[in-house]
Chemist: 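Below is the structure I would like to discuss, written out as structure tokens.
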Amino acid sequence: MPEIQSRELIAADLRMLISQIETSMRRTATVMDQEHGSDPEGSAEVFLLDDVTPRYATAIAALDARRAGLGHALECLSESGNTP
């Protein structure tokens with residue numbers, strides 16, 4: 001397989017992984033919002049930090065770090081394609 005085609009396939013895989021991570025982050029944020037939305041005390045002015053919030057926040061932070069790493073890998077791959 002030619003080098004350019006290999007790089008393109010790897011870049012496509014990285015973009016797909018980034019997209020999947022972003023989808024997981026949105027879903028996690030939605031679930032977290034839904035759980036807080038069911039609280040009778042919940043409002044725009046009141047923030048409840050229960051035992052669920054840190055778990056979701058940690059998951060989102062971990063996904064964000066992975067997304068950043070994959071984005072960096074994609075940039076490096078793009079840069080390597082520009083060298084003769």
Chemist: Rounded to the nearest 0.5 Å, what separates atom CD1 in I18 from atom CG in D13?
Modeler: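 So the gap between those two atoms works out to 11.0 Å.
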Chemist: Linking I/L/V/M/F/W/Y whenever their side-chain heavy atoms sit closer than 4.5 Å, directly or via other members, would M16 and L74 fall into one cluster?
Modeler: no
Chemist: Determine yes or no for a side-chain-to-main-chain donor-acceptor pair under 3.5 angstrom, with T23 supplying the side chain and S19 the backbone.
Modeler: yes
Chemist: Identify all side-chain donor-acceptor contacts of residues 57-64 below 3.5 Å with residues at least two apart in sequence or on another chain.
Modeler:
{"from": "T58", "atom 1": "OG1", "to": "P54", "atom 2": "O", "distance (Å)": "2.7"}
{"from": "D64", "atom 1": "OD1", "to": "R67", "atom 2": "NE", "distance (Å)": "3.3"}
{"from": "D64", "atom 1": "OD1", "to": "R67", "atom 2": "NH2", "distance (Å)": "2.4"}

Chemist: Side-chain contact test, heavy atoms from C-beta onward, threshold under 4.5 Å: evaluate it for R27 versus T30 and give yes or no.
Modeler: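 No - every pair of side-chain heavy atoms lies 4.5 Å or more apart.
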Chemist: What's the spacing between L17 CG and R15 CZ if we round to 0.5 Å?
Modeler: 11.5 Å
Chemist: Rounded to the nearest 0.5 Å, what separates atom CD in E75 from atom CG in L14?
Modeler: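 Those atoms lie 11.0 Å apart.
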Chemist: Quick check for you: to the nearest 0.5 Å, what is the distance between L70 atom CG and E22 atom CD?
Modeler: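 The CD atom of E22 is 10.0 Å from CG of L70, to the nearest 0.5 Å.
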